[in-house]
Amino acid sequence: MSVFHHHAYHDSPVILAASILGADFGRLEAHTREALDAGAEWIHVDVMDGRFVPNISLGAPVMKDLRALAEEKGALMDVHLMIERPDRYLEDFAKAGANIITVHQEACRHLHRTIHAIKKLGCKAGVALNPATPVSTMEDVAADLDLLLVMSVNPGFAGQAYILATTEKLRRAKQLLRAADSSALLEVDGGVTSENAREATDAGADVLVAASAIFRGDIAANIEAFRRSQMRVV
Ligand code: DX5
Ligand code: ZN
C-alpha cells in the first residue's frame with residue numbers, strides 16, 4: 001500500500017506525475033490544469049541550479065503560484081531537487097507547498113540527516129539516483145524513504161531518451177525496498193512514454209514522471225495513451 005492515500009489514476013494504482021518542465025511556462029497554470037483534468041495526479045517540479053546539472057529551471061516562487069491549483073485538484077506537489085547542498089532550501093520548498101521533496105544521493109554528504117530534515121518539515125522524503133549510482137547505495141536508508149526515484153536519463157533536460165538498463169535497475173530497486181520492508185513508492189523519471197511505461201511498471205515502478213510525453217501535442221490524448229498502456233487484457 002502506498003503511503004500517499006492517493007489512487008485516482010483510474011484503471012491502475014500507477015500514478016502519473018506531470019513534469020511541468022515540459023509545459024509552456026507562459027501558460028503554466030492552464031497547461032498544468034489540462035494535465036490534471038486529463039488524469040495526471042501529481043505535479044512534478046524539476047528544480048535545477050546550473051551546478052548539480054548543467055541547466056537552470058525554476059524554483060519555489062513558481063511552485064507557490066501553482067499551489068492553489070494543486071489544492072483545488074487534490075494533486076500532490078512532487079519536488080525533484082537537482083541542486084547542490086539541497087539542505088539550504090528544504091524549508092523554502094516545504095513552505096511553497098511541497099508534499100514530497102526528493103534530493104539526489106550524489107548531492108548529499110549526509111543523506112540520512114537530509115531525509116530526516118525533510119520529514120521534520122512535514123513532507124514525504126525521496127531520494128533520486130543518477131543512472132551511474134547503484135541501487136545498493138540505498139541499503140542503509142531504504143527503511144526511512146517514502147519514495148525512491150530512479151533516473152532513466154542523466155538529469156538536466158527534458159526530451160532525452162530512456163536508458164534501457166533502467167528497467168533492470170527498477171527491478172533491483174523494488175527488491176531492495178521489499179527486503180527493507182519499506183513502503184516507499186518507486187518512481188521513474190526521464191524519457192518515459194506511453195510506449196515504455198508498461199515495461200517500467202512491470203519492473204515495479206509505482207510512479208511515472210513524464211514531461212515531453214505529456215506536454216508535447218495534445219495533452220489529453222497523451223494521457224489517455226498512458227492510461228491505455230496500463231490496461232490489462234484478460
Ligand atoms: C530530467 C528531469 C525530468 C524531465 C523529464 O532532468 O528530472 O523530470 O523533466 O522529461 P522527459 O519526460 O521529457 O524525459
Ligand atoms: Zn524530474
Side-chain angles (χ1 to χ4, degrees), residues 14-25 28 31-32 35 38-60 62-63 66 75-84 86 89 93 98-107 118 123-133 146-167 169-170 173 185-201 205-219 221-223 225-226 229:
V14 171
I15 292 163
L16 184 62
S19 161
I20 57 171
L21 196 60
D24 174 345
F25 285 173
L28 185 56
H31 267 184
T32 310
E41 287 185 70
W42 290 6
I43 302 172
H44 183 85
V45 183
D46 285 310
V47 180
M48 303 177 182
D49 66 354
R51 294 180 68 91
F52 180 71
V53 290
N55 202 6
I56 297 175
S57 59
L58 49 84
V62 176
M63 259 186 76
L66 284 175
L76 298 191
M77 296 249 240
D78 174 33
V79 181
H80 179 192
L81 295 182
M82 288 161 275
I83 65 177
E84 295 286 0
Y89 295 101
F93 285 99
N99 300 100
I100 307 155
I101 299 180
T102 297
V103 295
H104 266 266
Q105 186 269 8
E106 306 82 6
I118 294 170
C123 300
K124 301 287 181 189
V127 172
L129 302 177
N130 279 338
T133 306
D146 296 310
L147 182 140
L148 177 57
L149 170 50
V150 172
M151 289 305 300
S152 35
V153 298
N154 288 294
F157 305 93
Q160 304 182 81
Y162 179 91
I163 295 170
L164 293 173
T166 309
T167 305
K169 189 172 181 177
L170 287 168
L185 294 181
L186 184 58
E187 183 175 51
V188 60
D189 182 9
V192 175
T193 67
S194 57
E195 309 279 298
N196 60 25
R198 185 56 179 274
E199 181 181 320
T201 54
D206 305 297
V207 186
L208 301 167
V209 178
S212 312
I214 288 179
F215 289 104
R216 233 186 249 158
D218 183 331
I219 296 172
N222 289 341
I223 289 180
F226 272 102
S229 78

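In this chain, residues are counted from 1 in sequence order. Every number for a ligand or one of its atoms is a count from 1 in the order of the listing.
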### Task
Answer with side chain, backbone, both or neither: which part of Ala158 has a heavy atom less than 4.0 angstrom from an atom of ligand 1?
both
## Note on the structure
ligand 1 to His44, heavy atom cutoff 4.0 Å, flagged ligand atoms 8 (O)
### Query
With no hydrogens and no angle check, is any side-chain donor or acceptor of Asp78 less than 3.5 Å from a backbone partner on Ile100?
no
#### Entry: For Met48, the ligand 1 atoms whose distance to one of its heavy atoms is below 4.0 Å
6 (O)
### Query
Which ligand 1 atoms, with their elements, are less than 4.0 angstrom from a heavy-atom of Met82?
6 (O), 7 (O)
### Task
May I ask which of Ser152, Ala213, Ala18, Gly159 has a heavy atom nearer to atom 11 (P) of ligand 1 than the others do?
Gly159
### Message
Only N/O/S atoms count here: what is the atom of Asp189 closest to the Zn ion (ligand 2) called?
### Response
OD2
### Query
Looking only at heavy atoms, which two atoms of Gln105 and Leu129 are closest? And how far apart?
CB-CD2, 3.8 Å
### Message
With the threshold set at under 4.0 angstrom, would you say Gly156 reaches ligand 1 through any of its heavy atoms?
### Response
yes
### Query
Among protein heavy atoms, which sits nearest to atom 13 (O) of ligand 1, and what does the distance come to when rounded to 0.1 Å?
Ser212 OG, 2.5 Å
#### Entry: Inter-residue atom distance Glu106.CD - Met82.CE, 0.5 Å rounding
11.5 Å
### Task
Let me see the working for Glu84 and Asp49 under side chain to side chain contact (heavy atoms under 4.5 Å, CB included), right down to the final yes or no.
CA-CA 7 Å; Glu84 295 286 0; Asp49 66 354; 3.8 Å; yes
### Query
Can you tell me how far the CG atom of Asp206 sits from the CD atom of Glu187, to the nearest 0.5 Å?
9.5 Å
### Task
Kindly confirm or rule out an N or O of Asn154 lying under 3.5 angstrom from an N or O of ligand 1.
no
## Note on the structure
In terms of heavy-atom contacts, Tyr162 and Gly191 come closest through CB-O, 3.4 Å
### Task
Please identify each residue that fulfils ring-ring contact (aromatic ring centres under 6.0 Å, His included) with His80, with sequence neighbours left out.
His44, His104
### Summary
When distances are taken from atom 5 (C) of ligand 1, the protein heavy atom at minimum range is Asp189 OD1, 3.6 Å
### Summary
To the nearest 0.5 Å, atom CD1 of Ile214 lies from atom CG of Leu21 at 12.0 Å
### Query
Measuring from Thr201:OG1 to Ile15:CD1, what's the distance to the nearest 0.5 Å?
12.5 Å
### Task
Test side chain to side chain contact (heavy atoms under 4.5 Å, CB included) on Ile118 and Asp146 and set out the steps.
CA-CA 11 Å; Ile118 294 170; Asp146 296 310; over 6 Å; no
### Message
I need the atoms of ligand 1 closer than 4.0 Å to a non-hydrogen atom of Phe157, numbered in the order shown.
### Response
1 (C), 6 (O)
### Task
Please determine if Ala210 has a nitrogen or oxygen closer than 3.5 Å to a nitrogen or oxygen of ligand 1.
no
### Task
Compute the minimum heavy-atom distance from Gly190 to ligand 1 and say whether it is under 4.0 Å.
yes
### Message
Quick check on contacts: which atoms of ligand 1 are under 4.0 angstrom from a heavy atom of Pro155?
### Response
6 (O)
#### Entry: Atom nearest to the Zn ion (ligand 2) - His44, N, O or S atoms considered
NE2
### Query
By number and element, which atoms of ligand 1 are closer than 4.0 Å to a non-hydrogen atom of Leu21?
9 (O)
### Query
N/O of Ala211 under 3.5 Å from N/O of ligand 1, yes or no?
yes
#### Entry: Exam field: side chain Thr167 to backbone Ala200, donor-acceptor pair closer than 3.5 Å
no
### Query
Is the shortest heavy-atom distance from the side chain of Leu147 to the side chain of Lys124 under 4.5 Å?
no
### Task
Specify which N/O/S atom of Asp46 comes nearest to the Zn ion (ligand 2), by atom name.
OD1
### Query
Can you find an N/O atom of Gly191 closer than 3.5 Å to an N/O atom of ligand 1?
yes
### Query
Short question: side chain of Ser229, backbone of Arg198 - any donor-acceptor pair under 3.5 Å?
no
### Summary
Here the atoms of ligand 1 under 4.0 Å from any heavy atom belonging to His80 are 7 (O)
### Message
Using a 4.0 Å cut-off to any heavy atom of Asp46, which atoms of ligand 1 qualify?
### Response
2 (C), 3 (C), 4 (C), 7 (O), 8 (O), 9 (O)
### Message
What is the name of the N/O/S atom of His80 that is nearest to the Zn ion (ligand 2)?
### Response
ND1
